[in-house]
Amino acid sequence: MEALFDLPSSSPPPRSGASSLDDLNDQQRRAVEHAGSPLLVVAGAGSGKTRVLTRRIGYLLAERRVHPGEIMAITFTNKAAAEMKERVVDLVGRRANAMWVSTFHSMCVRILRREAKTIGLTSGFSIYDADDSRRLITLVARDLDLDPKRYSARTLSVHLSNLKNELIDAETAKANATNDLERRVAEVYVEYQQRLAQANAMDFDDLIMRTVEMLQLFPDVAEYYHRRFRHIMVDEYQDTNHAQYVLVRELIGKGLPDVPPAELCVVGDADQSIYAFRGATIRNIVEFERDYPNATTVMLEQNYRSTQTILDAANAVISRNSGRRDKRLWTAHGQGEKIVGYVGDNEHDEASFVANEIDRLVDSGDANNNDIAVFYRTNNQSRVFEEIFIRLGLPYRVVGGVRFYERREVRDAMAYLRVLANPEDTVSLRRILNVPKRGIGDRAEACVSTHAERYRTSFAAALRDAADGKVAMLNPRSQRAIAGFVELLDGLRRFVDDGQDVAEILDAVLEQTGYRAELEASDDPQDGTRLENLTELVTVAREFAEGPGITPDDAPPDTEAVAVPESGSLAAFLERVSLVADADSIPDGDEESSGVVTLMTLHTAKGLEYPVVFSTGWEDGVFPHLRALSDPVELAEERRLAYVGITRARERLYLSRAIVRAAWGQPMSNPASRFFAEIPADLIDWRRTGPDRAAPTRATTWGGRSGGGLGTTHRPAPAAKWKDTPALSLDVGDRVNHDKYGLGTVVATDGAGPRATATIDFGSSGTIRLMLIGSVPLVKL
DNA sequence: GTTAGCTTAGTTTTT
DNA sequence: CTAAGCTAAC
């Protein structure tokens, strides 16, 4: 949350010789100096890409006489944007503030608010996040009588998002639908967009799509931006989706007689693309040279972060992905320590190994807690680590998981604020209609909703009608409750009209709605935490309101009439919160967070680095994830995730797995991650390779890819496609032999395809549930 | 209209 | 196992 208040740091005087490039390597320097055609910087992990970006900006300003106002730099996170701006300010001073350095989304919001009139919007529109969007989809799907099993809000939401990421609008989707699912999705899409418009709201994907739409539809608007922005830079280009790709093209322009296309510089690493599941296309970076035929490419391969051992492991793993641009990271740092491997009997054993090892490293003075990070594939894996860390009194911090702004109580409070700012915000309005309980139940809500539909009016207007007794079938008790609610909102809105600050408004909301009182009266221990979170939110709001007068983008007052919300205002607060998820709460070694071990998913780890990294849960079915095992495309993405994980480590890397891990309450035995076999054996020092008693025979029928866990010699996995399913089809009663557990009898089977499992009685070795995926070291006798 | 108990379905998630 | 969503009884 701290990122909410990142202010431009008080600028030290510009360093003399801001444009001296002596401290850059040849490639970095080429990237900084390149001029005149589109530039792709392929920046391997740890190769100093942020440095190149900021220095390039500094160079543009100092040497090429570019005005800061002509530069737009786009990132994916607010944190990255704030960091970049800060570094440029350090380099060239305050005038850097005239640049636009922001995320795709906040840049679009800024443009959309400025041009709201052009496309028939009110500038105070709400921004719906995934949760809001899903709620609206649920409402729409229900109204369309869709079977919630076949068309879950989740599924629909994924499809809608994909369409928007491809810039396909509702009508086109409808016209092009070829099967039942597509037709249904298109129907939902059409209705959903209507409801969004009615609620004066946009979802995240709309922000991009509508900006593109506007630039394409209104050449004069586009021309304004073409004239203004002469340099466009995009960070993490491998994470852009199609819509963002087109947006960049539109911002650059095709060139006019007196306005050549803007100069483009993109930076990225296809090997670190791990967000394909959200629409990111590796294509954008891979095909850059085709998209921009006169483009220049610079490759940054020298790594300034890790030891050669770590880089060798990373190179070896990622080289298994096909169709990639070959790129080999190297360092001048030297070989360094071997990677430490560990095989635990179960996840608790694995976690205590990690904890003990951390203890040892800290005791011996090799590391501080805050030098250390523990990575895992999925959030639920953090639990075992937390348990043992608590037991041992090891200070830690979990990044991610349920985020502050996603907590129910915080969302409820924010929904009130949103309704106050945008009365038509239906999703927020319906969310708080009966929260806290005030006797407006499903039935009453349905009556109001029906009324709104019949009279083609908004839900908000229908609510007022209900309060006035104009809604059919509504019982007097509900009518009174609704009247009370409408009055409550009107009362609260007066605070807004009086120009009270966000904190005061929020406080009034919590007080007058009885939300706070309800939590205080509760004896549910969870409610205590909820109360704390709300207090925290009030604090956040207060700091925001009292913050020095800067606009949400840290932008200086624009000379043009820009519809940026007034600083510290309710609208500004809402915008900030909508566009900042607090993934920025990552401890970065400063006072507040020193001495704390950091736990996070591999995804969250991207862009970070730690002297000591524990990457855990290296098991087929966990990492790579079960859902990726049977799909080569998804498997390739998991491999990139492994690459990201490995390259986060500066000096020491630990890779571990557990033989048995509880999954959904049941113990599951997972084979070693196939990625183990992709790391040259001589890079790993196995601290433990499995149960001490085990001296199993290797089964060879399916390749025996038991990973390094057996401590056997490294054997490279065959390059391409593994048939993971059906690996082995078993029935109750079958006799089997397992590498580790020996002879057993199948007592139950469950699931099909990649999810098939068998519960097997191994006699003295116990009864264990196994996944029947390709690499399970099991043979049917 | 509310709530307790049941069923069901479970990656990752920068905005 | 756990959280969320739904049905059945207060």
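So that the names make sense, note that chain A is the first sequence line, chain B the second, and so on, each numbered from 1. Please read these numbers as outputs of a predicted model, since none were measured by experiment.
- Within 4.0 Å (heavy atoms only), A:T75 reaches no atom of the nucleic acid at all.
- Electrostatic pairing of A:D131 and A:R431 counts as a salt bridge here, judged by a charged N lying under 4.0 Å from a carboxylate O.
- Across the interface with DNA chain B, nearest-nucleotide mapping of A:R443 and A:K606 shows A:R443 to be the residue nearer the 5′ end.
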Between the protein and nucleotides 2-5 of chain C, are there any N/O to N/O pairs under 3.5 Å, and if so, what are the atom names and distances?
from  : atom 1 : to     : atom 2 : distance (Å)
C:dT2 : OP1    : A:R383 : NH1    : 3.4

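- No contact: A:D205 has no heavy atom under 4.0 Å from any strand.
- Contact check on A:K606 versus A:E236 returns a salt bridge, with a Lys/Arg side-chain nitrogen under 4.0 Å from an Asp/Glu carboxylate oxygen.
- Among B:dT12, B:dA9, C:dC6, the nucleotide with an atom closest to any side-chain atom of A:R142 is C:dC6.
- A:D631 places its CG atom 15 Å from the C1' atom of B:dT12, with the value rounded to the nearest Å.
- Between A:D527 and A:R530 there is a salt bridge, with a side-chain nitrogen of the basic residue lying less than 4.0 Å from a carboxylate oxygen of the acidic one.
- Among the heavy atoms of the strands lying under 4.0 Å from A:D239 is at least one base atom, whether or not backbone atoms are also near.
- If you measure from atom CG of A:L626 to atom P of B:dT11, you get 10 Å, rounded to the nearest angstrom.
- Across all strands shown, A:A662 has no heavy atoms under 4.0 Å from either base or sugar-phosphate atoms.
- Ring-to-base geometry does not place A:H603 in a stacked arrangement with B:dT12 (centre distance under 5.5 Å, plane angle under 30° required).
- Judged by ring centres under 5.5 Å apart and planes tilted less than 30 degrees, A:F104 fails to stack against the six-membered base ring of B:dT15.
- With A:V266 as reference, A:V234 is the one residue of A:I285, A:V234, A:D235 to meet the side chain to side chain contact (heavy atoms under 4.5 Å, CB included) rule.
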